Each structure stands twice: as C-alpha cells, then as structure tokens.
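Throughout, a chain's letter reflects where its sequence line sits, starting with A, and its residues are numbered from 1. The structure displayed is predicted, hence computed values, not measured ones. Heavy atoms only: backbone and side chains are in, while hydrogens, waters and symmetry mates are out.
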Amino acid sequence: MTTRLFGEPVRRREDARLITGQGRYLDDLGGGALAAAFVRSPHAHARILDIDVSAALDVEGLVAIYTWEDLPGALAEPLPLLIPHPALTHGRTAYPLAREIVRHVGEPVVMVVARDRYLAEDACALIRVDYEILKPVVGIEEAVRGVHLVHEDVPGNIGAHLVQEVPGPGGLTAREAIDAAPHTLEFRLDVERSACTPLEGKGVYARWDADDGSLRVYSSTQTSTSVRMAIAAKLGLPLPKVEVIAPDVGGGFGVKIVHPWPEEVLVPWAARLLNREVKWTEDRREHFVSSSHERGQVQHVRAGFDDEGRVLGLEVEILHDHGAYTPYGIIVPIITSTQLLGPYKVGAYRVEFSSIYTNTVQVTPYRGAGRPQGVFCMERTMDRIAAHLGRDRTAVRAANFIQPHEFPYDQGMTFQDGRPLIYDSGDYPEALRMLKELIGWDSFPETKARAAAEGRRIGIGVGCYVEGTGVGPYEGGHVQVTSDGRVHVSTGLTSQGQGHETVFAQIAATELGVPIEKVSVVTGDTRRFGYAVGTFASRAAVMSGNAIALACRKVREKALRIAAEALEADPRDLEITDGMVHVAGVPSASIPLATVAVLSNPLRYAFDEEAKRATQFAGPASDDRPPVAEGEEPGLEGRDYYSPVRSTFAAGMHAAIVETDLDTAEIRILRYAVVHDCGKLINPMIVEGQIHGGVAQGVGGALYEKMVYDEHGQLLNASFMDFLMPYATEVPRIETAHLETPSPLNPLGIKGAGEAGVIPVSAVIASAVEDAEGITIARMPVSPSDLHHLRLER
Amino acid sequence: MNETGHHVRLTVNGVVREATVPGRRLLSDCLRHDLGLTGTHVGCEHGVCGACTVLLDGEPVRSCLTFAVTVDGHEITTVEGLARDGELSPVQRAFTECHALQCGFCTPGFLCTVTAFLRDNPAPTEEEALKAVAGNLCRCTGYQNILKAVHRAAEIQAEEDR
Amino acid sequence: MKPPPFGYHGPATLGEALDVLAEAGPDGKVLAGGQSLIPLLNMRLAAPAHIVDVNRVPGLDGIEAGPSGVRVGALARHAAVERSPEAAAAQPLLRQALRLVAHPVIRNRGTVVGSLVHADPAAEMPAVLALLGGSVRLASRGGEREVPASEFFTGPMESALRPGELAVSAFFPALPRRSGTAFHEVARRHGDYAVAGVAAAVTLDEDLRIAAARVACVSVGPVPVVVDVTAACGPRPAASAGWEAAAEAVRDRIDPEGDIHATADYRRHLTGVLAARALRDAASAARGEES
Ligand SMILES: Cc1cc2nc3c(=O)[nH]c(=O)nc-3n(C[C@H](O)[C@H](O)[C@H](O)COP(=O)(O)OP(=O)(O)OC[C@H]3O[C@@H](n4cnc5c(N)ncnc54)[C@H](O)[C@@H]3O)c2cc1C
Ligand code: FES
Ligand code: FES
C-alpha cells in the first residue's frame, strides 16, 4: 500500500502560520516602503478640466504626484481587454489614471506617493480637480434607452450582443417550440448587484533593483504569472527581469483575477522611477468604488412546456449591466446564458444578451460568475411551471433532468472556454433523491401545517445547478525531490484560502508514496513556476492538481528507474512507501528516495555527506556510459502540464426552509441542506469549507447584499456598515451530503468545488419565501421591507 | 505641517514596547507598522469587520477605532501573543482542528475575541457562542466551523484545566 | 482611510480638560470611546482641529445606582453599564437597551454618554434617555448645567452640547413601583443600527390596570420620538391582549423617512408592530415585578 492521503480530511498545513499571526499578506510586507494613495473621481461621469496640485506640495513627507500626463509609453494607453470576443464589438477599458473623462465614482485620477499612507491621504485631500459634470447613465433601463452615453463612441451603450440558439427536436426554433407548447409563461426577473468583498482588499508592493535592472512585485492577486507579463509589457521590461509573487492573500472570489489593475502597473512604475520601494494597500472604501462588482441583470423569460412540466422551448433575453468598462470581456453573461440550462434538457433554447455600459464600477466575475443569475432564471422558471400546473416542484425538475445514461451530454452551445458545452458525468436523479431525504421534502407539508397551527409561517425551496469547472487552457506543476528526501512542489496558480498547500501536498504525497510532512508546496510565485493561468472558475484543484499528479508520475517513474538499477531489480516490481523505494513484498531490498535523488545527480563536488555519495570516485562507475545517460537529466524532478479538452461539470442541489415573520416580514433561514457532487474528493474537510463559505455568500446575495446607486451614480452604501455582509448570526447551519460521480476527463477524476456553494442560493431562498408567502418572488435580494411591500401588493 | 510626536509605551504580549507616533496614529497601524506586529489585520477601518480586534487590558477592542496615544501605558495582547512558550492556545488549536479558517485574514480578530470570551464564559451555550463571534466578519468560512471551534476550544480548555 | 491630522490633547484632570475645551472652542472635539468619532475621522468626514481625549480623566467612569435612578459617568463604557447589577436593578431598561447596541466588542469601548452626545437618531440610548425623561450634565469652565432629554436632542447628530462643554454624566431616572420596560428592535443584521426600534415603559395601578404607557421610537425621526400611549391603552387590565390601538397611535405620531434599508411605509408599519410587542413585554414585566 502507498501512503493514502488523497480523499482524507487532512488538516491544513497553512494554518500554523495563519493562527499565530505569522502569515504574510500584502500589507505585512515592505515595512519601509513609501505609500501610494489615489485621488479618485467623486463624480460618475465628468470631464477633467484642471488638476491643481499646488496646495498638496507643502505636505510633509510628500514624494511624488502623478497624473495621466506623466505616464510614458504603453502606460499611457488603456489597460488591456483581457478576453476579447467577436460579440464584444465595443469593448472599452480604462486608463491607469483617468485621461480627460471619468466614468464612475472611484476612478483613479491622481496618484500620490508619500512617506506613509496618512501623509499620502493628506496630500490627496489637498489636490483640487475641476470637473465639468456630464450626464451619468445609471441603471440598466436608463442605459438601454441610450439617451446619454457612457462612452461617446458606443451607441446605445451596448458593448456586446450575443445570441445563442439551440434548435429543438425536428429543428424547431425556441419561438416555434414555445408557440406550439400546451402551456406558456412569460415573466421578468431582476438580480441586484453585489461584490466579492474579500476581507483583504487588493494591494501591490514593488521593489526595483537598480543595480540588477530587475523588478520584484508582490500583489494580492489571483494570477501572478499574468500580472508579471502585463507589467513587463506596460513597463517595457524584459520578462526575465520581472518577478511577481502572490503572498498570503486574504480572499479573492474573482475580483483579484482581473489584472493588471491600474495600481499593479502604476506602483511598479513609480518604484522604478523613484528608485524606492512603493506600496499601495487598498482600503475598504476604495475597494467598494474602484474594484469590481457583479450580478446585476434583468432577464425576460418565455417558456413553453407540456402537462408534465417538461420544457419544450425556452427564450431568455438578458440585459447585463457591465458598469463602465469591460476589461474581462463578456465572460459573465456568456456563463449566465450557457449555464442557465443546469441539469435540464430543454427542447429548444434561445438566449440573447446585451452587455450594457453604465457609469458605475466595472463588472467582472464574482464567485459563481454569472451562474447565480442563470440558475435564478431557470429555477424560477421551474417553480413557475410547477405552480402553473399545480405539480410538485421537485417532480417538474425531475421530469426535465438529463438522465445518468445520457452522459456525455451535449447542450449544443459554446461555453466560456470557447469549447462545446458537453457535460462529462453526473447523476441528477440521485442527487435530488438525496436532497429530498436530507431536508425531509415529502413530509414538509405536515411540518408546514403544524407551524401554521402555531401561527408561524414557513416555506421550503429547492434549487439545482450544474457548474462547468476546471476550465483550460492549462496549468503546470513542478516536483523536485532533493537529496534530503524532501519533495518540493510548485505550481503557478495562486491561493486565497482554498488550502492548496494541503491539497496539492496530499496529491504529491499519495502519488510519490512519501509522508506529507516531507512535501512543501509553493503557489503563485513566478520565481518558482512561470507558466500559469490563475485561480478562478473552480479550476485550481482540477488543473494544478492533475498537473502535479502528472509531474509526480514522471518523478516516480524516474525514481523507480534509478532505484531499479541500484537494487538490481525490475522497475515494475518496485513500490515507494514512506519515502523508501523497495521491491514489492521485500521491504529489506530498499533504498531511500533521498538516496535516489542523490544518485540522480552525478556530482564533482561534495558539500555534505549525501553529496559525497554522488561524486565521481564514490561508486563503481561504468566506463562505457556518460554519467548522465542519454535522454536523462540530472536531478530527480519532473514538470508536467494538464490541459483538458474541455471543462468538467460539477453539480449540486440545495434546499432551504425559511420562516417569515407575519408582522415584521423578517426572513429567517431555519434549515439549509446541500447535496454536492464534485467528483472525487481530495479533502472532504476543505470541500465542505468551500461549500459553507459559498452558501454564506449566497445568503448574502439572497437576503442582504446589494450595491445601491442613486441617480447621480453615487454608491450609497460603500461601507461594511451599509453593505450588509452576513455575520455568523445571519448564516444558517449547513447540512451537507456528498455524491461522487468521478470525472472521466482527468486522471484524478475530480471536478471543481470552489464556487458551487454560492450558485443556487438566491434561487433556493426565493423558492422558499414564495412557498411560505404564496407571493411570486421575481427580484433578489429580498429584504423585510421588500417583503412587506410585496405583501401589500398581493 | 509638522505633526507633534507623542511618546507611547505599551506592554504588548508581555513586552514593553515604545514608539513615537502622531496623535492620529491608529492602534492597528501602530502595532503593525511601528512595532512590526503584522498579525493584527485591517479589513475595514470603520469598526465593522473585527479583523483588527486585540485585547486591551484583557478586553477585546477594535484597534482601528483606538488611537495609540489613548492606550499609552496599557497592556495589549495580539494574535502573536496567544501562544504560550511556543505552545498553541486551546483556541488556536481548535481553529485548526475544526478548519475554522480559510484565507486566514479574519482569523486573528476571531482568535482574540474568542480567547477573551472563553475566559469569561468557559462553557458557553450555542446561543452565547454565536453572539460572541457575531461581531466579526468572515467572507470565507460561512462561520459554521468557527462556531464549532469555539465549542471545541472550550472542551480543550476544560480538559486542560482538569 | 486614515484620520486627518489634529492637535491631540490628553488632559489628566477634569479642570484641565475643561480648560483645553474652552480654548479649542468650536474647533475642539471630545474623544470618549471613539466608536463613533473615529470611524468618521477615518473616513475624513470630520476634521476637528483639536481632539480632547478624556480617557485619562479620573472619576468619570462612575455608575451610581440608587432608588431615584442611575447616574452614568462620561467614561462608563456600554459594557460596564450593561453588566452592572445595581444599574439593572434600578433601571432595567438600561441593560435591555444596551444588549441591542452594536456588538460586545464595540460596547467594551463605547460610552453611554458618548452615545447620547453623538445623538444618532438610530441609536438606542438617546431613546432610553428620552423615554425615561432623563438628563445630561454638561460642564464647562463656566460651570455645570443639567439639560433634560427633551431639550438635549436637537436634531440628527445634534445635541444641546455647546463648544467648550464636556458631558460629564447622564441621569436615567427609575420608574415608579409596578412599572416595566422593554426594548424591541429590528436590525438588518444582528448588531446593526436598528431599522426601527421601540423602547416602552408601562406603569400599572394597584388593580394592575394600565396607569401610564409610553414609548420612544428610534430611526423614525430626527430625534427619538416619544409617544404617550396611555390614552390608547385605556385604563384596562394589563394582562388583556390588544395593543393595536397603541400601535396605531404610534404610527400616527411618527414621520419616518425611507433609506436604502427600508421604505418609510415599512418603518411606520414596523414601528407599530414593535410598539405593540414592547408594550406587551413592558406590561408583563410590570406585573411580574408586582407579583
Ligand atoms: C460597528 C458599529 C456598530 C454600532 N452599532 C450601534 C448601534 O447599533 N447602536 C448604537 O447606539 N450605537 C452603535 N454604535 C456606536 C457606539 O454605540 C458608540 O460607542 C457610541 O455611539 C458613541 O460612544 P463613544 O464613547 O464611542 O463616543 P465617541 O466616538 O468618542 O464620540 C462620539 C461623539 O460624541 C462626542 N462626545 C463623546 N463623549 C462626549 C462627552 N463626554 N462630552 C462631550 N462630547 C462627547 C464626541 O465628540 C463625538 O462627537 C456602533 C458603532 C460601531 C463602530
Ligand atoms: S478593521 Fe477594525 S473593525 Fe474592521
Ligand atoms: S477566513 Fe477568509 S475572511 Fe475569514
């Protein structure tokens, strides 16, 4: 038996430093660095007439003030549009510092560098910017009217328009299928804006080494490799002269995958120019008005269905609020439109979206990335169909499920990775069965009646989703066994709390047969691994996990080859257990992996006892062979990449029981149940943690969180006081059950788990509140005040 | 514009530390940047998230809503001071056992809050434990494992006191 | 989010504090617990030239409870008042209300008097002072004055405190025998400022009929809104149900505004609901005390 760690709830290895205050987050670095702060636009839409910095010049400790005029070369150009798409006909991105026009409150206009952050903010407060105020465009409806424009050269404020159409049986269009259906429904849904709001904001710290002509940048990012390339390009530096490191990162949830943020190029630029270390630590208010938001959509739905509730045709028209810029392309609405179908096969489907500019903070993926909206749409549709037919809501869902024998199932569309939307595996009927049992679906009517008898109002809701995870193009892993027997694993993608140091170590320890204590893992450090995409789309475990497994397999193969020679055995008879290579069944015929590492690297110089054994005169050399055999490389290490043909599809189903207060309209979640299928579990403890966190964010989106803009484009709740992230008192206890349908697409059989928890929550809570109240819920989040008014309108 | 410096003397984690700071220096910044104790985190600087919670003369307070000069002469305990002689405290152990942290950014605030809470209430009910941590935000964990850890820490503490 | 520069003063005696305040005049701000002032400073929504930190002034942290009521000193923290058994015995509403103020950690630092001076219309303690008809004692170099609650709260975040004055204490009167109190509120999240909240005090006559009933409402006007609902409750037995008339009377008297958390209509409705609940609980507390 090899060391079994895969699948075990191994305790996290990152905890030791994090619980003792020894973590190193961005602002913990660079004690002596200068501090940057920004003058940000107080207006949603305005023309900059004049910037007067004279009053700020007296601030003690001031080092530099920069405006767009100061930016050289590529830095003066708009930031990159990261993911171009043919449908994004009018993609627009911001300048690192505003040039002439500001398009949302919070857009950076002036950069100040001073001795510390207090002084930098003092200087910011003294800089006068004159603006000519332009008409702000706020709200999807206002934007669609196109009377005022966010970008002068984007007519109708429409950045992108995309139609995807999947014909039904017999080539019927969705419209034809709906028109021919026995029943039809038509309605509108609204989802409000929210945001990732990791507890640590963004941050950048740059060190320029003038002697070496090199730059080291630390960024609180979800992709250090790509930040590195962006910085090299923007600053005109050779790539090898730039290194980017993601230190401990205090949460990301999507916002830190966007790059380069203005600060990610400005801070390194200033560090080089000033030849001083410079750091910028985003504060909470900045995060609200200058990072990203997500979720805001208006959806128009038409559905045609039969007496069983089977959807024969579905037409969805989405207006997607993209904010002022589109640096991340149209990934979010693409995901909404493709993942909307969930575990269902609908007869014919047509989805059309318009991506709309408004004078608000840009929209880029937030955990779930468009899926919560899509699932809200589909699940609301299922509930309405059930209500229309008077059928059980789970029965209607079951009638539409893709069946286990139908995998791989082709939904006939193009997914966010440009690949066909083909589900690899799943067992939806079983997941629903488990969920109904877990929550007690079938006995709920009695529970509800009992509550009613006590004068209490409760309701139950359900929601299902399918999530494409582990999107390409690739990730890589490097594994090295050193002569002390330690295993060093590195991968390019970054970590923001997902426990990668543990999970990847589990994989490496299992694959190599070494104790986990011997394994150390480094992520997000371009000094260790230069090729990577990043941590998003529930892809880290699938992508890097498999890449590391493949790299380990290379190392293992090499180790067995070398050991076989030393033990005079056949490599096929060898096993590695507890760091010892041995002949299967003969523990005495063994050699430590450490020694294999020594043997793998023939040396001339001995620097320690281990090394001595690998020097030229140490062993019986064979004279007719080169010390490093042909096709071999010195060292016991391996590098490999995992690049899947397409995504793997995880799935899940949630149910909740809520109670609504008859008088105050407060909504309380009494129970929350999750059935989750992310293929094989590497570490169930970590997967559950991801689910808990996701559900909590979902609860925020369903009941508490929204970004409230007034008609002038001012964000009215840019603080934790008014943007209501749930505390422990607002989050229910979550009951989970796991189903494991392995993915046939990758060596480990795993699927992504990072985003799942958040995806169906709004749909589930809407379903439950609707059931409790008998009022149709078409807009999320729903507050007590909202519910009160819905009751009055009934 | 030259600000007056104020000399402050704090006993942090049992060690007397001194610094000269302007009147406006937040205790959080003083600990992190003047004294180099970066374990205390800053998540909002308006009192809501609790990441900056430290113990002032044993009682948890928001270090982002406290000026360093105000607490001149007082005792501060930060996350760095929770372990005794290199041994993790029961609360620290419970947090790792129960997987009560993910990114770890909120964790120092929770650890300080819970440490003081369990000192005053060594055997809390579910409701009491919930209320005790309800003033700290965590964006990662969904709190379930944090609550579990509070009870687990109480258990460990009780075992050790026995 | 760092505070703007200011002159810091840390007086060691009351006299010194009053001197510094007199000198600073309108440019001076008292710093007590800092739980409201420092967020404003961090966001640079306030920029006083001088901060007078009274935390080192001795003798200001007293909590004196007696048969007539509770006098709370300027440096008595929310938590200390909440925990004081004497204060709870003399005026139970203090503890009932303080449990709803923010989170325990904020209460470790924030002061009751600071909360009164801050005069946030969403805050609990101003409503308590207003309901009980308490007062605030203001000291300046020129002497002291005692300002009744009805005159102390002059507008949202505005009080009768004049430049150069320090609020040294507040007095929360006890209620007559056979009285009970309660505080009910709805906040979006546990510990948040209330969307609406109602403090109630009910006094019964010897036959356990309602002799007096009053409520004070938060978040529904520029200052705490006190409504005497004795008439609406009628001289009827406290044990009987039916606080709807009182709730209606309250709804009629308030003029709430809408904001991002709740509409004005919802606030009005909710305040009525909470008034009924608080009155019911206050009445049963009043009976409980008698039995
Ligand atoms: C996250 C959070 C949530 C909160 N939630 C609530 C809540 O739900 N309900 C609630 O009521 N409060 C809440 N608060 C505020 C808290 O109760 C404060 O403690 C209180 O409002 C002010 O008391 P303080 O001692 O901290 O005053 P400070 O912040 O020191 O001062 C506040 C104001 O009063 C003045 N002042 C203070 N003391 C005196 C004095 N003795 N003489 C003259 N002027 C003085 C100051 O100059 C300043 O203008 C919350 C605070 C936070 C940070
Ligand atoms: S940083 Fe102090 S409470 Fe958030
Ligand atoms: S663990 Fe990340 S915020 Fe709590």
Side-chain angles (χ1 to χ4, degrees), chain B residues 1-8 21-29 33 42-74 109-110 112-114 116-117 120-121 127-128 130-137, chain C residues 1-12 20 29-57 75 77-80 82-83 99-111 114 187-193:
Chain B
M1 251 197 326
N2 231 325
E3 288 185 79
T4 321
H6 300 266
H7 188 77
V8 297
V21 297
R24 59 170 159 161
R25 179 78 91 242
L26 300 171
L27 177 59
S28 46
D29 285 331
H33 302 310
V42 165
C44 71
E45 292 180 307
H46 51 275
V48 184
C49 76
C52 68
T53 307
V54 299
L55 305 183
L56 167 63
D57 299 327
E59 295 302 326
V61 300
R62 302 287 204 234
S63 63
C64 76
L65 298 187
T66 311
F67 291 126
V69 264
T70 301
V71 296
D72 179 21
H74 290 261
F110 276 97
C112 288
T113 308
V114 174
F117 168 67
D120 298 343
N121 187 352
E127 185 65 16
E128 288 165 345
L130 178 66
K131 292 277 163 65
V133 299
N136 291 56
L137 286 173
Chain C
M1 290 176 63
K2 306 294 180 191
F6 49 74
Y8 174 84
H9 309 271
V20 184
K29 267 269 173 216
V30 171
L31 173 74
Q35 306 300 290
S36 292
L37 181 56
I38 298 181
L40 292 175
L41 292 171
N42 287 1
M43 297 193 204
R44 298 200 179 213
L45 295 172
H50 297 277
I51 289 283
V52 184
D53 180 348
V54 297
N55 282 283
R56 270 184 288 274
V57 176
L75 283 180
R77 314 284 169 184
H78 291 314
E82 178 191 353
R83 279 198 285 261
R99 286 188 171 149
L100 301 171
V101 174
H103 314 284
V105 177
I106 304 285
R107 300 203 288 271
N108 279 342
R109 231 21 231 160
T111 64
R188 287 304 321 274
R189 294 173 299 188
H190 176 78
D192 281 347
Y193 278 104

Pick from Val61(B), Thr70(B), Thr66(B) with the largest number of heavy-atom pairs that fall under 4.5 Å of chain C: Thr70(B)
Contact origin within Phe67(B) toward chain C - heavy atom pairs under 4.5 Å: both
Contacts of Pro60(B) that satisfy side chain to side chain contact (heavy atoms under 4.5 Å, CB included) - sequence neighbours left out: Thr53(B), Leu55(B), Ala116(B), Val105(C), Asn108(C)
Side chain, backbone, both or neither of Arg107(C) within contact of chain B (heavy atoms, under 4.5 Å): neither
Qualifying salt bridge (Lys or Arg N to Asp or Glu O under 4.0 Å) pairs with a residue from residues 43-54 of chain B, counting only residues at least two apart or across chains: Glu45(B)-Lys2(C)
Criterion ring pair (Phe, Tyr, Trp, His ring centres under 6.0 Å) on Tyr8(C) and His6(B), from CA distance to verdict: CA-CA 9 Å; Tyr8(C) 174 84; His6(B) 300 266; 5.2 Å; yes
Chain B contacts, top residue of His9(C), Gln35(C), Met43(C) (heavy-atom pairs, under 4.5 Å): Gln35(C)
Which atoms of Leu41(C) approach chain B - backbone, side chain, both or neither, heavy atom under 4.5 Å: side chain
Donor-acceptor contact present, side-chain Asp72(B) to main-chain Val69(B), <3.5 Å: no
Choice from Glu59(B), Arg25(B), Arg62(B) maximising heavy atom contacts with chain C below 4.5 Å: Arg62(B)
Donor-acceptor contact below 3.5 Å, side chain Arg77(C) vs main chain Arg109(C): yes
Segment of Leu31(C) engaging chain B (4.5 angstrom heavy-atom cut-off): side chain
Any donor-acceptor N/O pair, Asn136(B) side chain to Thr113(B) backbone, under 3.5 Å: no
